[in-house]
Amino acid sequence: MPHNGSKVDHSHKVLTLLALVPPGQVVSYGQLADLAGLPGRARLIGRILRTRDTSMLPWHRVVAANGRISLSRGSDGWHEQRQRLLTEGILLKGDRVPMEQYRWRPDLAAILMLMDQ
DNA sequence: TTCCTGACGATGA
DNA sequence: ATCATCGCCAGGA
C-alpha cells in the first residue's frame, strides 16, 4: 500500500464557482472555500487566485470576510479591484464592502451546478 | 527535509 | 474599533 498522499487540485471547481458570482455581488475567500467543499481553507482560495489565470473571471468579486480587499493596500491590484467593484455599483464603506448588503447568496440553480462535480 | 510565507478567518483581550 | 494568536496548508527557499 503506497503511502502516497495524492495531491488534489481543487482549482477547477473553485474557478467554476467564481464564474457564477453575479456582477454587483461579492464572495469571501472562506465562503468560496465552503461552497467548494473545502471548509476552513480560505487561504487555498487566495493561492488559487494568485496562481491560476483568472483574467477571464470575476476575480475582483472575492474579498476578505470583513469586506476588505486582501491585496496589499495601495498596490496596483488593490486599486484595480477597488475600481472594478465601484464600477459594478458596489458602494464601499470606507475601505470595505458592506458584506451584509453585497454578499452573494447562491440560488438553487447555482447550488445544483456545484453538485455535478 | 525543515522553515517560512501568505489575495484567510475565528476568537479573545 | 484594533491587535495578537492560532488553525489551516500548498509552494518556495
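DNA chain C is contacted by both A/Arg52 and A/Arg68; A/Arg68 maps to the nucleotide lying nearer its 5′ end (nearest heavy atom per residue).
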Below 3.5 Å is the cut-off: list the nitrogen or oxygen pairs between protein and nucleotides 4-8 of chain B, distance only.
| unit_1 | atom_1 | unit_2 | atom_2 | d |
| --- | --- | --- | --- | --- |
| B/dG6 | N9 | A/Arg43 | NH2 | 3.3 |
| B/dG6 | N7 | A/Arg43 | NH2 | 3.3 |
| B/dA7 | OP1 | A/Arg50 | NH1 | 2.9 |
| B/dA7 | N3 | A/Tyr29 | OH | 2.7 |
| B/dC8 | N3 | A/Arg43 | NH1 | 3.1 |
| B/dC8 | N4 | A/Arg43 | NH1 | 2.4 |

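For the residue pair A/Arg103 / A/Gln25, no side-chain donor-acceptor distance below 3.5 Å is found, with atom types taken as modelled.
The distance from the CD atom of A/Gln31 to the CG atom of A/Leu17 is 9.5 Å, given to the nearest 0.5 Å. From A/Lys13, atom NZ reaches atom CG of A/Leu35 across 9.5 Å, with rounding to the nearest 0.5 Å.
Residues passing the side chain to side chain donor-acceptor pair (under 3.5 Å) test with A/Glu88 are A/His60, A/Arg61, sequence neighbours excluded. In this structure, A/Arg50 has no side chain to side chain donor-acceptor pair (under 3.5 Å) partners at least two apart in sequence or on a different chain. Judged as a side chain to side chain donor-acceptor pair (under 3.5 Å), and not counting sequence neighbours, the contacts of A/Asp9 are A/Ser11, A/Arg52.
At a non-hydrogen distance threshold of 4.0 Å, nothing from residues 86-96 of chain A comes into contact with DNA chain B.
Here the side chains of A/Ser72 and A/Trp78 are not in contact, with every heavy-atom distance at 4.5 Å or above. In this structure, the side chains of A/Ile90 and A/Leu92 come closer than 4.5 Å at one or more pairs of heavy atoms. Counting heavy atoms from C-beta outward, A/Tyr29 and A/Leu49 have side chains that approach closer than 4.5 Å.
Along DNA chain C, read 5' to 3', the first and last nucleotides having any atom under 4.0 Å from a heavy atom of chain A are C/dG7 to C/dG11.
Remark: A/Asp107 CG is packed, more than 12 non-hydrogen atoms of other residues, nucleotides or ligands lying under 6.0 Å away.
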